[in-house]
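Numbers for residues simply follow the sequence, beginning at 1. No hydrogens, no waters, no symmetry mates; every other heavy atom, side chains included, goes into these values. Please read all numbers here as calculations on a predicted model, not as lab measurements.
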Amino acid sequence: MEIKIQNVSMTYPSGKQALKGLNLDLKSPSLIGLLGPNGAGKSTLMKLLVAALMPTEGSILVDGAPLNKVEGKLKASLGYLPQDFGLFEELTVTQFLDYMAALKGLRSPQAAIRDVIRAVNLEEKARARIRTLSGGQRQRVGIAQALLGDPKVIILDEPTAGLDPKGRDEILDQVERLHKETEMTVILVSHSMEDVARYVERIIVMNRGEKMLDGTPKEVFRHYKELEQVGLAAPQVTYVMHDLKDRGFSVSPDATTIAEAADEIMRSIQ
């Protein structure tokens, strides 16, 4: 699936302009990080992608067809986990997913429910009530509901918010594995630069309703000073590597993960 956003602007009835002439090309399969300070337009963009809003200007094409003509196709091919996604505490995992499958119009969803429970490694909790689950397990339930219907694109809005480092790694490892196994496009919204640097292939940075940067993690984090100016930061590794470079060490400052930094430092001292 290919989604093209062409010169899209979005102005709310209040007069607030959330997006200004945005152009993006989202091709499957890819793992994309969507970053930006508060008010950058990320939430509006996500609402447009799930067809909850229509742009006031410009067009969104899905496999070459206008969004308003293929809205049903898009919704059937797209999974979404919003940041404030609510779970019904007294339902079991299976009951909740059965309810979500009904909302999505899936017929005979039992096999699909088993598949998504297996995909997020929750088989042992399939009959557990949601109120008994840990934070990471709840997030996996949220991802499972987004996977119902075999979507080609899945949007995850801060899926690791509130989790400890181990829980964050478990969730993002699951996301990365699903991306590779199913070749779906994943759009990951996160405030953790370390998480984004480690997992995504492409980063889109938005600011004040416009695209500010778009490229690989290495390409984007080379602009760490520009990111700081809009209230964002590069991964800590980026600052460490630039500091070593400034101190005369023969290292590339482009490392964005601890593993890359370790390899670069070892190379420089051999």
Fill in: Residues, nucleotides or ligands: over 12 heavy atoms within 6.0 Å of Lys42 NZ
yes

Fill in: SB check Arg131 Glu90 (cutoff 4.0 Å)
yes

Fill in: Linked, directly or transitively: Leu148 and Ile117 (ILVMFWY side chains, under 4.5 Å)
yes

Worksheet item: Do Glu226 and Met212 come within less than 4.5 Å of each other through their side chains, counting heavy atoms only?
Response: yes

Worksheet item: Below 4.5 Å, heavy atoms only, C-beta onward: do Val153 and Leu26 meet side chain to side chain?
Response: no

Item to complete: Could you walk me through whether Lys166 and Asp169 pass salt bridge (Lys or Arg N to Asp or Glu O under 4.0 Å), step by step?
Response: CA-CA 5 Å; Lys166 183 175 182 293; Asp169 287 347; over 6 Å; no

Worksheet item: Where do Ala65 and Val70 come nearest, in terms of heavy atoms and distance?
Response: CB-CG1, 3.7 Å

Discussion item. Using the rule given for side chain to side chain contact (heavy atoms under 4.5 Å, CB included), can you reason through Ser28 versus Glu2, listing the C-alpha separation, both sets of side-chain angles and the distance that settles it, and then say yes or no?
Written reply: CA-CA 6 Å; Ser28 296; Glu2 182 179 20; over 6 Å; no

Worksheet item: Is Arg198 salt-bridged to Glu194, cutoff N-O under 4.0 Å?
Response: no

Discussion item. Applying salt bridge (Lys or Arg N to Asp or Glu O under 4.0 Å) to Asp263 and Arg267, what does each step give before you reach the verdict?
Written reply: CA-CA 6 Å; Asp263 288 344; Arg267 182 201 60 77; over 6 Å; no

Item to complete: Please state whether the rings of His242 and Tyr224 are parallel, tilted or perpendicular, taking 30° and 60° as the class boundaries.
Response: tilted

Practice prompt. Indicate yes or no: does Glu219 engage Arg202 in a salt bridge with an N to O separation below 4.0 Å.
Written response: no

Worksheet item: Above 12 or not: heavy atoms from other molecules or residues under 6.0 Å from CG of Asp150?
Response: no

Discussion item. Please check if the number of heavy atoms outside Phe249 that lie under 6.0 Å from its CZ is greater than 12.
Written reply: no

Worksheet item: If every non-hydrogen atom of Pro151 is compared with every non-hydrogen atom of Ala146, which pair is closest and at what distance?
Response: CG-O, 3.4 Å

Discussion item. Ring-plane angle category for Phe88 and Tyr99, please: parallel below 30°, perpendicular beyond 60°, tilted otherwise.
Written reply: perpendicular

Worksheet item: Do Gln145 and Phe85 have side-chain heavy atoms sitting under 4.5 Å apart?
Response: yes

Worksheet item: Take atom CD1 in Ile258; do more than 12 heavy atoms of anything else shown fall under 6.0 Å from it?
Response: no

Worksheet item: Would the number of heavy atoms belonging to other residues, nucleotides or ligands and lying under 6.0 Å from CD of Gln83 be above 12?
Response: yes

Practice prompt. Scan side-chain atoms only and decide if Gln174 and Arg177 contain a donor-acceptor pair under the 3.5 Å cut-off.
Written response: yes

Discussion item. Could you check whether atom CD of Glu124 has more than 12 heavy atoms from other residues, nucleotides or ligands sitting under 6.0 Å from it?
Written reply: no

Response to the item:
Here the pair of heavy atoms bringing Met206 nearest to Pro37 is O-CD, 3.4 Å

Fill in: Any donor-acceptor N/O pair, Glu264 side chain to Ser252 backbone, under 3.5 Å
yes

